[in-house]
Asks: 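Please see the structure below; I have some questions.
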Amino acid sequence: MGVVFYHTDYRLAGNLHTDFEGVAIFFVISGFIMSYITQNGEEDFLFKRLIRIVPLYWIATFLMILTNHRLRIVWPSFWLTGEPALIVDTIRSFLFIPWEKFPVLGIGWTLNFEIYFYAVFAVMLTLSRRWAPVLTAIAVISVIALDRATGERVFLLHFYAHSYVTYFVYGIVLYYVWSILGRFTPRAAAIGCSSLIAVWFGLHFVYPLCPAFVDQWIWIAPIAVVAAALFAESAGLAITWQPALLLGAASYSIYLLHTTWFEQIRPYLRDLALPTAKDSPSVMLFSIASAALVGIAAHLWIEKPLLAKLRNKLKARTPAVEVIRMTSH
């Protein structure tokens with residue numbers, strides 16, 4: 001939702017244009033989750049990650065092209081003669097190939113990094129399940145070091161050495177810290193952890209009062225926020241409110257579709273002589289709420305059924321003996 005807020009272009013006090021560190025938080029969570037699921041017996045890691053990410057991303061990319069070019073996209077002539085640059089960019093986007101431009105669906109740039117993490121993690125799992133997170137962290141850090149050693153002249157090295165990549169490594173480190181200390185978290189820590197999260201996000205709304213503090217600590221905030229959430233749950237403060245859980249479950253659909261949704265509603269807002277989301281708190285809140293509803297609808301009616309079918313196909317690949325063993329448990 002922080003990223004959705006950022007793309008409304010609304011500014012908080014002090015002309016602060018922020019995503020509340022949403023992208024960095026996403027990468028910390030990603031590093032943690034990959035470590036957590038693989039150390040708890042995850043099978044078919046790469047295939048499961050791909051079916052979770054790729055199909056909906058392709059659908060969202062195609063939908064964005066369709067809405068921008070209307071029905072011309074369904075005619076063969078459009079692809080054969082009309083838009084050669086778009087064809088090349090679409091292929092690159094679908095295959096998660098980095099290049100100088102953003103993917104066709106702009107927010108897909110983060111998924112190029114996510115697929116990179118998946119690939120490296122999958123390779124390390126073939127070497128050692130136990131040490132895969134550590135080996136992955138070493139590999140990612142090595143790419144960053146190599147990029148600096150080459151003077152940032154090799155495009156792919158420089159792309160995968162993006163500053164956000166370090167947050168993936170922090171997520172891996174956080175997994176080990178939490179797995180060791182989480183069980184010792186006292187119940188009273190829940191108050192401190194939840195307060196830390198509230199204070200950090202609240203500081204964005206009073207930015208002019210403490211800009212130096214926010215700017216100085218912004219790099220560590222994504223790590224602290226995810227750590228606080230984890231230890232708060234270890235202390236017994238688990239989120240069980242169903243609307244919040246639904247919002248979390250639909251977060252990927254919301255992320256993929258919100259910019260396309262904003263493009264679609266912008267002309268209607270203009271026709272109604274309404275201000276832009278950047279200039280009006282009411283329009284900004286409407287834009288965020290409607291994008292969330294669109295994402296939730298896509299999650300319930302597209303993402304979940306699609307994932308269920310793909311996961312059933314994955315189960316069908318499991319040998320009969322393994323199916324019997326899993327059923328007996």
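Here, residue 1 is the first one in the sequence, and each next residue gets the next number. We use all heavy atoms of the structure for the numbers below, so side chains are in, but hydrogens, waters and symmetry mates are not.
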Asks: What residues form a side-chain contact (heavy atoms from CB on, under 4.5 Å) with A139, not counting sequence neighbours?
Replies: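 If we apply the side-chain contact (heavy atoms from CB on, under 4.5 Å) test to A139, skipping adjacent residues, the hits are V120, M124.
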Asks: Hey, do the aromatic rings of F27 and F117 have their centres closer than 6.0 Å?
Replies: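 Under 6.0 Å, so yes.
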Asks: With the 4.5 Å side-chain cut-off for hydrophobic clustering, are W131 and V123 part of the same group?
Replies: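 As far as the 4.5 Å side-chain criterion goes, V123 and W131 are not connected within one cluster.
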Asks: Hey, do the aromatic rings of F159 and Y116 have their centres closer than 6.0 Å?
Replies: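 No: the rings miss the under 6.0 Å criterion.
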Asks: For D279, give me all partners under salt bridge (charged side-chain N to carboxylate O under 4.0 Å, His left out), at least two apart in sequence or on another chain.
Replies: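 Counting only residues at least two positions away or on another chain, D279 forms no salt bridge (charged side-chain N to carboxylate O under 4.0 Å, His left out).
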Asks: Got a donor-acceptor contact below 3.5 angstrom from the E263 side chain to the H258 backbone?
Replies: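 Side chain of E263 to backbone of H258: no pair is present.
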Asks: Not counting sequence neighbours, list each pair that qualifies as a side chain to side chain donor-acceptor pair (under 3.5 Å) and has a residue in residues 101-112.
Replies: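 The answer is D89-K101, T110-Y255.
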Asks: Aromatic contact between Y118 and F121, with the criterion being ring centroids under 6.0 Å apart: yes or no?
Replies: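 Between F121 and Y118, which both carry aromatic rings, the centre distance is not below 6.0 Å.
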Asks: For the backbone of F94 and the side chain of W58, can you confirm whether one donor and one acceptor N or O come within less than 3.5 Å of each other?
Replies: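 Confirmed, W58 side chain pairs with F94 backbone.
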Asks: Can you tell me how far CD1 of I51 sits from CG of L56, rounded to the nearest 0.5 angstrom?
Replies: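 Here the rounded value is 12.5 Å.
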Asks: Nearest 0.5 Å, please: how far is OG1 in T18 from OH in Y10?
Replies: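 Spacing of OH (Y10) from OG1 (T18) equals 13.5 Å.
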Asks: Could you grab the distance from atom CG of L245 to atom CD1 of I239, nearest 0.5 Å is fine?
Replies: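 Between L245 CG and I239 CD1, I get 7.0 Å after rounding to 0.5 Å.
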Asks: If you measure from CZ on F213 to CG on D215, what distance do you get to the nearest 0.5 Å?
Replies: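 Separation between the atoms: 11.0 Å.
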Asks: Do the side chains of W99 and I107 join up, straight or via other hydrophobic residues, at under 4.5 Å, putting them in one cluster?
Replies: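 No; I107 is not reachable from W99 via cluster members.
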Asks: Which value, rounded to the nearest 0.5 Å, describes the distance between T276 atom OG1 and D9 atom CG?
Replies: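 Going from OG1 on T276 over to CG on D9, the span is 7.5 Å.
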Asks: Do Y6 and F20 have ring centroids that are under 6.0 Å from one another?
Replies: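 Distance test on ring centres: not under 6.0 Å, no.
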Asks: Under a 4.5 Å side-chain heavy-atom rule over Ile, Leu, Val, Met, Phe, Trp and Tyr, are M1 and L293 clustered together?
Replies: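 M1 and L293: separate clusters.
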Asks: Side chain of D19, backbone of V3: donor and acceptor closer than 3.5 Å?
Replies: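 No.
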Asks: Measuring from I59:CD1 to S253:OG, what's the distance to the nearest 0.5 Å?
Replies: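 Answer rounded to 0.5 Å: 9.5 Å.
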Asks: Do any N or O atoms from the side chain of S280 and from the backbone of A277 form a donor-acceptor pair under 3.5 angstrom?
Replies: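 Judged by distance alone, no pair lies under 3.5 Å.
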Asks: Apply the test ring pair (Phe, Tyr, Trp, His ring centres under 6.0 Å) to residues H7 and F262: give CA-CA distance (whole Å), side-chain angles for both, the deciding distance (0.1 Å), then the verdict.
Replies: CA-CA 9 Å; H7 286 137; F262 287 168; 7.6 Å; no
